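Have a look at the structure below before the remarks.
Remember, it's a predicted structure, so these values are computed and weren't measured experimentally.
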Amino acid sequence: MGIIFKPIVTEKLTAQGEKLNRYGFVVDRNANKIQIKEAIEKMYGVSVVDVNTVNYHGKRKSRFSKSGLLKGRMNHFKKAYITLAGEDKIDFYSNI
């Protein structure tokens, strides 16, 4: 697996991609901003101006089932918000 796991395609980030040229990705928790920048530039062929990262702690979850109460938690993950330079765009739907 590489540094970039998947893009975040939400209504809010789609609007930011159109107006502010910002995109979001779920990335490896151990990757730093320089590695993320290089991976995005290599994968999509664009120039990255800014990288912001956010670490998320996995939420605790519980549910009831026939065998009783099941407890667990979601995985920890890291998001990276990328700002592109100039007229560069990333089209996530070109492969469909």
Check [X] against [Y] and note the closest heavy-atom contact, atom names and distance.
{"X": "Ile4", "Y": "Phe25", "answer": "CG2-CD2, 3.8 Å"}
{"X": "Tyr93", "Y": "Val9", "answer": "OH-CG1, 2.9 Å"}
{"X": "Thr53", "Y": "Lys33", "answer": "OG1-CE, 3.8 Å"}
{"X": "Ala85", "Y": "Asn21", "answer": "O-ND2, 4.1 Å"}

With hydrophobic residues grouped by side-chain heavy-atom distances under 4.5 Å, do [X] and [Y] end up in a single group?
{"X": "Leu20", "Y": "Phe92", "result": "no"}
{"X": "Ile8", "Y": "Tyr56", "result": "yes"}
{"X": "Ile34", "Y": "Val49", "result": "no"}
{"X": "Met43", "Y": "Ile3", "result": "yes"}

- Residue pairs involving residues 35-51 (criterion side chain to side chain donor-acceptor pair (under 3.5 Å); sequence neighbours excluded):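 Passing the test, one end in residues 35-51: Ser47-Asp88.
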- Write out all pairs satisfying side chain to side chain donor-acceptor pair (under 3.5 Å) with one or both partners inside residues 7-16, taking only residues at least two apart or from two chains.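 Non-adjacent pairs meeting side chain to side chain donor-acceptor pair (under 3.5 Å): zero.
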- Task: Start with the C-alpha gap between Asp28 and Phe5, add the side-chain angles, then the distance that decides, and say whether side-chain contact (heavy atoms from CB on, under 4.5 Å) holds.
- Result: CA-CA 7 Å; Asp28 184 20; Phe5 294 141; 4.1 Å; yes
- Task: Answer yes or no: does atom CG of Leu69 have more than 12 heavy-atom neighbours from other residues, nucleotides or ligands under 6.0 Å?
- Result: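 Yes, because the 6.0 Å sphere around CG of Leu69 holds more than 12 heavy atoms from other groups.
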What side-chain donor-acceptor pairs closer than 3.5 Å can you find for residues 70-83, not counting sequence neighbours?
{"from": "His76", "atom 1": "ND1", "to": "His57", "atom 2": "ND1", "distance (Å)": "3.3"}
{"from": "His76", "atom 1": "ND1", "to": "Gly58", "atom 2": "N", "distance (Å)": "2.8"}
{"from": "Lys78", "atom 1": "NZ", "to": "Ala31", "atom 2": "O", "distance (Å)": "2.7"}

